[in-house]
Novice: 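Before we start, here is the structure in question, set down as structure tokens.
Within every chain, numbering begins at 1; the chains are lettered A, B, ... in the order of the sequence lines, protein sequences first and strands thereafter. Atom set for the values below is all heavy atoms of this structure, side chains included, hydrogens, waters and symmetry mates excluded.
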Amino acid sequence: MKLIENVSRRGFLQGVLASGVFVLSARFVPEPLWAAEGDKAAALDPNMWLSIASDGTVTIIAHRSEMGCGSRTALPLIVTDELDADWSKVRLDQAVGDPKYGDQDTDGSHSVRSSFDLMRQVGASARSMLVSAAATQWSVSPKDCSTEPHFVVHKASGRKAGYGELAAAAAKLPVPPKEDLVLKSRSEWRYIGKETTSLFDLPDIVTGKAVFGMDATMPGMVYASIEHPPVLGQKIKSYDDKATLQVAGVQKTLTIDTVKPPHLFQPLGGVAVIADNTWAAFQGRKKLKIDWDTSSHSTYNSAEFRKTLESTSRQAGKVVRNVGNVDAEFAKGGKIVEAEYYTPHLAHASMEPPVAVAEYRDGKVVAWAPTQNPQAVQDTVATALGIKKEDVTCHVTLLGGGFGRKSKPDQVAEAAILSKQLGKPVKVVWTREDDIRFDFFHSVAAMYLKASIGPDGKPTAWLQRTVYPPINSTFDASSKYADDEMGLGWNNLPFDIPNHRAENGPADYHVRIGWLRSVANIYHAFAIHSFIDELAALAKKDPAQYLLDVIGPSRIVNLDYKEDEAEDKLKYPLDTARLRRVIDIAVEKSGWAKRPKVKGRGMGIAAHRSFLTYVATVVEVEVDNRGQIHIPNVWTAVDAGTVVSPDNVRNQFEGAAVFGTSLALYGEITATNGIIDQSNFNNFQLARMNHAPRKTEVHIVESDAPPAGVGEPGVPPFAPALCNALFAATGKRVRELPLSKTKFA
Amino acid sequence: MIRLKINGKEKNFDGDPEMPLLWFLRDVAGMTGTKFGCGVSLCGACTVHRNGQPIRSCSTPMKEIGDSEITTIEGIAPMHPVQKAWMEARVPQCGYCQTGQIMTAIALLKENKNPSDQDIDTAMSGNICRCGTYQRIRAAIHQAAKETA
């Protein structure tokens, strides 16, 4: 069984370590590295970041999760480069959840940008120690030694020693202080920014050997499938499991208490069917008869809720950014344009539904889960069972997609709760229907925009208001404003408009709200870049040129940063030169200037900075006489600063175009009396090969700026670029998603 | 007792004859390369071959398998030209759907040695990839067709 192999490999490593090989331990990593994120009081682990065995095998800890964005490969690759090791001799050991690693939450497109410097320092520290060990052996100065992959060399004497041979001696040396570390110059990088590597797990993936959460097992485990309250907050009045217990393979049923707000990542509650296998558990569930209590959320109806959001968006909200005086400018009269935009809830629909296996024994929990955040697993399970966080061990498998859903480990807590009741390991498997109906949904949003237009056709004042149930409602049930989300494309409009105000109106939640790939940027970019295209059309200007004109000259945009964003301000200022450059590239590569202007065909553009990455996307669309939308081409230009793996960046942005297609064409989750109307891929459709963009070209700007995000920023500009293309092709302006609501024939 | 042949090996099953092959493979036989995605033949993650034809194992009950030969991803000797092409095109992101994609692609190339884009779209549109690797899948299938031509 795969799990056992994994465990024994860990045991093997420990054995190797005990026999005295080189280990770079936490203790040796200079203190200041840890001050930002790590817990200084954390226990020291000799096996913390990397070890080198006497045969030269380098084992590097992957402390971030792999959900398809390449983090598990990228971070160890950075270590490997600075270590000057040979990637083919590198093994990865996936870290368990532990605060000693600092932040392990693989979200917010920040694995590389948050860990880049640290990973380089880890590699450089070890390389320096290997060089010192060799220099001592050869009685030469370390300064006269250099490295080539997996060897230290002394050119003058022609001597050469492998990392494996030097490991034991190097391990006894002190770790150099941070200020003595010599990092490679960019020109010396062998892996960072090169095309030489692919995903570490690629061979296992294509042969079916890769272990996802769905594939994890524990000896003696049973399977569970859980009937959750159809409406958030409903409690069980009574239930009848007689027919369930007749199903072959079903062992028993158990209940989990209904969650009380704030919901956090705690289980929703419900009735669990325990069985010998997954299928029996699913079948048993179908026979359950449950009488649910009422919930205050039973009033949630999407059509009515939309009216509430839209009405709020027409009233003054909380000001989140103010430049000049929009009211005074509007009062001058002149040409005023208003528009309203609406986007529905979305579900994540990772190909692997939520799943986890956990065992509670003697007051401690061991879990295996496809989680973006193993420390959140520790917290959530500890809270659910009333045990200590450090008594929860969370092993991280590969994730069959995540997109933000798997930052929330409610299903792991379910497995732990049931294991405690049963006294054996439990694997909880969610069906696709569970996944779609009981998601932490991407929020539904209404946006109101208003501009006054000057004689040159450019806006002289721009007001934008956004209203949606905030993610924070998951953590604080009274939360109605999205204060923490305004940086997601709302309080940082990069336009050169003398009067600008951004506002946020209040909204109540009725379902669990959560992050979904690029989060509020999705609807904010949709509104802003649809509106700018509308203004370009009114001004009878070329949309790309108009966009550049409104962005204005190259400059650093003055933004109000919160205290915790101070580093971003210095390291990642909002630079319109970089935004203009990606627009120029997308325009050039798409042949924008020479695009044919015929009925039924068109191109649209949008450019949006998110997760500190600048992206411009041109979408080409064809609408056939039945009104069917085809997307023959997409061109995306990306400035993500320093890039670790260009091919992976291309893959992420190709994928973002498909993700964008899904949400633009079909994505919609609605509720009727608090119950989610969609349930599987028949009524929550995803783009398939025949409707996905036929070709997506990704152009990466060469840059030595600090690394920025790549997993998410491809998504926001896609839908507005597509809708702007549809306007060019059909003259029809779309102000709501998904496009399946609009007829084009 | 149901007798069946998986990847050339005889297997016996005396459980619920309504159980889909998927859950036999995963929970009983411990062969986890075949994935659960939707349970109702909508996503293709569970694709295996039955006498060389791609089927959705999530919707094929054990009682219907009879004498047919089942091939799963574990029964494909690595590196098959399709797997090789997948590696070279660096298709996967998360990788969860890819064994199903590969099984569908292998079956397509058996039937059609030189598929057009249109042929590939028709064969592959039953397999969803949420990461959105379709463009690379199409390129990899063309590449594998070249390799095996």
Side-chain angles (χ1 to χ4, degrees), chain A residues 1-2 66-70 198-199 201-203 205-212 214-215 217 223 248-249 277-280 282-283 349-353 398-403 429 431-432 647-648 651-652 654-659 661 680-682 686-690 692-696, chain B residues 15-16 18-20 22-24 26-28 30-40 42-43 45 72-74 76 78-80 82-84 86-88 90-100 102 117 120-138:
Chain A
M1 284 203 296
K2 280 151 191 155
E66 185 52 83
M67 57 178 160
C69 301
S198 46
L199 288 182
D201 300 292
L202 184 56
I205 287 171
V206 301
T207 52
K209 293 192 184 94
V211 179
F212 294 88
M214 192 62 77
D215 309 325
T217 57
Y223 297 79
N277 57 64
T278 314
W279 169 249
F282 287 177
Q283 292 306 100
S350 311
M351 291 315 295
E352 176 194 49
L398 292 178
L399 285 68
F403 311 109
V429 183
T431 62
R432 176 59 57 196
D647 188 68
N648 183 55
N651 210 344
Q652 294 304 306
E654 289 163 20
V658 178
F659 200 92
T661 300
N680 207 318
F681 297 130
N682 55 334
L686 301 178
R688 295 169 182 275
M689 188 185 275
N690 55 347
R694 185 133 294 272
K695 190 169 173 225
T696 299
Chain B
D16 183 353
E18 300 294 332
M19 181 192 276
L22 171 70
W23 297 112
F24 171 80
R26 295 186 53 81
D27 290 354
V28 183
M31 298 162 73
T32 55
T34 306
K35 302 302 185 199
F36 168 55
C38 70
V40 287
L42 287 169
C43 78
T72 71
I73 188 74
E74 290 89 353
I76 304 294
M79 288 290 171
H80 185 281
V82 169
Q83 290 169 320
K84 236 172 88 191
W86 243 249
M87 301 263 294
E88 276 164 19
R90 298 192 261 205
V91 172
Q93 290 183 31
C94 85
Y96 189 80
C97 74
Q98 297 296 349
T99 50
I102 287 168
D117 275 3
I120 294 173
D121 278 14
T122 304
M124 300 303 298
S125 285
N127 288 70
I128 298 176
C129 173
R130 181 57 155 156
C131 298
T133 61
Y134 300 126
Q135 173 170 322
R136 290 177 185 234
I137 289 174
R138 195 185 293 117

Novice: For B:L22, is it the side chain, the backbone, both or neither that has a heavy atom under 4.5 Å from a heavy atom of chain A?
Specialist: neither

Novice: If I compare all heavy atoms of B:D27 with all of A:T278, which pair ends up nearest, and what's the gap?
Specialist: OD2-OG1, 2.5 Å

Novice: Just by distance, do the side chain of B:Q135 and the backbone of A:E654 share a donor-acceptor pair under 3.5 Å?
Specialist: no

Novice: Quick one: of B:T133, B:I128, B:T72, who has the most non-hydrogen atom pairs under 4.5 Å with chain A?
Specialist: B:I128

Novice: How long is the straight-line distance from NZ of A:K209 back to CD of B:E74, given to the nearest 0.5 Å?
Specialist: 9.0 Å

Novice: Check the orientation of B:W23 and A:F282. Use parallel for under 30°, tilted for 30 to 60°, and perpendicular for over 60°.
Specialist: perpendicular

Novice: Find the distance between CE (A:M214) and NZ (B:K35) and round it off to the nearest 0.5 Å.
Specialist: 9.0 Å

Novice: Rounded to the nearest 0.5 Å, what separation is found between the OG1 atom of B:T122 and the CG atom of A:N690?
Specialist: 7.5 Å

Novice: Using a cut-off of under 4.5 Å for heavy-atom pairs, which of A:T431, A:N651, A:V206, A:L398 has the most such pairs with chain B?
Specialist: A:N651

Novice: What closest approach, in Å, do A:F403 and B:R130 show between heavy atoms, and which atom pair accounts for it?
Specialist: CE1-CG, 3.3 Å

Novice: Would a 4.5 Å heavy-atom cut-off, applied to side chains only, mark B:N127 and A:M689 as touching?
Specialist: no

Novice: Let's test your reading of the structure: which of B:T99, B:I137, B:L42 forms the most heavy-atom pairs below 4.5 Å with chain A?
Specialist: B:L42

Novice: Can you name the closest pair of heavy atoms from A:R688 and B:Y134 and give their distance?
Specialist: CA-OH, 3.6 Å

Novice: So which of A:R432, A:Q652, A:Q283, A:R694 has the biggest tally of heavy-atom pairs under 4.5 Å with chain B?
Specialist: A:R694

Novice: Counting heavy-atom pairs closer than 4.5 Å to chain B, which one of A:D647, A:V658, A:L399 comes out on top?
Specialist: A:D647

Novice: Answer whether the closest heavy-atom distance between the side chains of A:S198 and B:M87 falls below 4.5 Å.
Specialist: no

Novice: How long is the span from the OH atom in B:Y96 to the CG atom in A:D215, to the nearest 0.5 Å?
Specialist: 6.5 Å

Novice: Which atoms of A:T661 come close to chain B, meaning under 4.5 Å heavy atom to heavy atom: side chain ones, backbone ones, both, or neither?
Specialist: neither

Novice: Flag the pair A:L202 / B:P92 as yes when at least one side-chain heavy-atom distance between them is below 4.5 Å, and no otherwise.
Specialist: yes

Novice: If you count heavy-atom pairs under 4.5 Å with chain A, which of B:S125, B:G132, B:C129 comes out on top?
Specialist: B:S125

Novice: Specify which of A:P203, A:A248, A:A692 makes the most heavy-atom pairs with chain B at under 4.5 Å.
Specialist: A:P203

Novice: I'd like to verify something: which residue of B:R138, B:Q98, B:R90, B:R26 has the highest number of heavy-atom pairs under 4.5 Å with chain A?
Specialist: B:R90

Novice: Can you name the closest pair of heavy atoms from B:C38 and A:N680 and give their distance?
Specialist: O-ND2, 3.2 Å

Novice: Please report the shortest heavy-atom distance between A:P353 and B:F36, naming the atom on each side.
Specialist: CD-O, 3.8 Å

Novice: To the nearest 0.5 Å, tell me how far B:C97 SG sits from A:I205 CD1.
Specialist: 10.0 Å

Novice: Between B:V82 and chain A, which part of the residue has a heavy atom less than 4.5 Å away: side chain, backbone, both or neither?
Specialist: neither

Novice: Name the member of B:M124, B:H80, B:R136 that forms the most heavy-atom pairs with chain A at distances under 4.5 Å.
Specialist: B:R136

Novice: Out of A:E66, A:M351, A:K695, A:M67, return the one with the most heavy atom pairs under 4.5 angstrom to chain B.
Specialist: A:M351

